[in-house]
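Below: the structure, in structure tokens.
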Amino acid sequence: MTHQQLVIAQLNRIPSTLELALQIRLKLPLLPISEIEEKAVNFYLRFDEYGLGLQSTTKKAPGSLYVDFKRLTKRVGDSVLQQNLFKAIGARKGKRPGIVDATAGLGTDSFLFAAIGCHVLAIERNPIVFALLEDGSNRFLRLGALEAEIIERIELCQANFLEAAETLESTQVVYLDPMFPTKNKIAKAKKGMYYLQELIGSSSNDKELLEAAYTVATERIVVKRAKNSPFISVKEPSISFRGSSSRYDVYLLN
Ligand SMILES: C[S@@+](CC[C@H](N)C(=O)[O-])C[C@H]1O[C@@H](n2cnc3c(N)ncnc32)[C@H](O)[C@@H]1O
């Protein structure tokens, strides 16, 4: 996916401040929404009443994708520490490790870590995905004091983890979720995955990500994989937590 196939939609006759600021930041064309269909555009970004959304122009594409942390809050219930994601990062009573989420994407995992009390550095290299993530964080932050407390535990960073790793402070856990399921395995319901796959395609830096993670993590590296995928490296993980569709491979460092 190249930037030329992506534009920012101008919803009214005069562009809004948000639209103009995004245009300058992402260096994308701003196009009146009425003209988008006739141009060869694959995706457009739009600011509407729900926030910043990404929309595909493909006929069968799902509706716009927004980062919506509000819908995630119900996943953080009483039995939260029983969930594989949290077991994998080593969270337990009295322990909330610091985390570098090196492939933050739409921020679902970063948000869940922060919601249980972890401090998270969320790194995302794709500027479009990062803009969606930042917009979702800002909207959630404004909902109230409790919401702000969660978001304040997340530091967002637009960077390539492979380049940033050597400048980062050592952190207890590095979390990696670089993999996309192949297209035909993406359930229609998983709008976020559909869009990430369409926008970014498959990642090919998995092994390098693991190597870079070793230079930052002090306690463990956690790699999210599809349930039956091979390990990310020839080195076997110390332990794996298996769920119905995914698996968390944990590389213990001490
Ligand atoms: C499967 S998504 C992550 C989903 C995320 N765990 C969530 O909860 O939304 C993978 C993301 O990793 C990002 N990514 C891949 N390689 C990266 C790198 N070297 N540095 C930073 N981000 C990277 C991609 O741009 C993509 O957004």
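As the structure lists them, so they are numbered: ligands from 1, and atoms in each ligand from 1. We number each residue from 1, following the sequence as shown.
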Strictly by modelled atom types, are R242 and N228 linked by a side-chain donor-acceptor pair under 3.5 Å? no
Using a strict threshold of under 4.0 Å (side-chain N to carboxylate O), is an ion pair present between K70 and D68? no
Counting each atom of ligand 1 from 1 as listed, which ones have a heavy atom of T108 under 4.0 Å away? 7 (C), 8 (O), 9 (O)
Out of all atoms in ligand 1, which are within 4.0 Å of some heavy atom of G105? Include the element for each. 3 (C), 27 (O)
Nearest heavy atom to atom 20 (N) of ligand 1, choosing from Y175, F161, F113, belongs to F161
When you check the side-chain N and O atoms of D249 and S240, is any donor under 3.5 Å from an acceptor? yes
Please test E134 against F130 for side chain to side chain contact (heavy atoms under 4.5 Å, CB included), starting from the C-alpha separation and ending with a verdict. CA-CA 6 Å; E134 199 174 46; F130 189 82; 3.7 Å; yes
So the atoms of ligand 1 within less than 4.0 Å of a heavy atom of L196 turn out to be 2 (S)
With a 4.0 Å heavy-atom cut-off (strictly under), which part of S110 contacts ligand 1: side chain, backbone, both or neither? neither
Taking only non-hydrogen atoms of L106 and a 4.0 Å limit, the atoms of ligand 1 in range are 9 (O)
If you count the atoms of ligand 1 from 1 in the order shown, which ones are under 4.0 Å from a heavy atom of A104? 5 (C), 7 (C), 9 (O)
Would you call the rings of F111 and F69 parallel, tilted or perpendicular, where under 30° means parallel and over 60° means perpendicular? parallel
Show me the pairs that pass side chain to side chain donor-acceptor pair (under 3.5 Å) and involve residues 160-169, at least two apart or across chains. none
Compute the minimum heavy-atom distance from A159 to ligand 1 and say whether it is under 4.0 Å. yes
May I ask whether K224 has any heavy atom positioned less than 4.0 angstrom from an atom of ligand 1? no
Would you check whether N126 has a nitrogen or oxygen atom less than 3.5 angstrom from a nitrogen or oxygen atom of ligand 1? no
Only heavy atoms of N160, strictly under 4.0 Å: list the atoms of ligand 1 that pass. 18 (C), 19 (N), 20 (N)
Would you call E219 and K95 a salt bridge, using N to O less than 4.0 angstrom? yes
Strictly by modelled atom types, are D135 and Y50 linked by a side-chain donor-acceptor pair under 3.5 Å? no
Around atom CZ of R25, are there more than 12 heavy atoms of other residues, nucleotides or ligands at under 6.0 Å? yes
Which ligand 1 atoms are under 4.0 Å away from a heavy-atom of G107? 7 (C), 9 (O)
M193 heavy atoms within 4.0 Å reach ligand 1 at atoms 1 (C)
Taking heavy atoms and a distance under 4.0 Å, where does D101 meet ligand 1: side chain, backbone, both or neither? neither
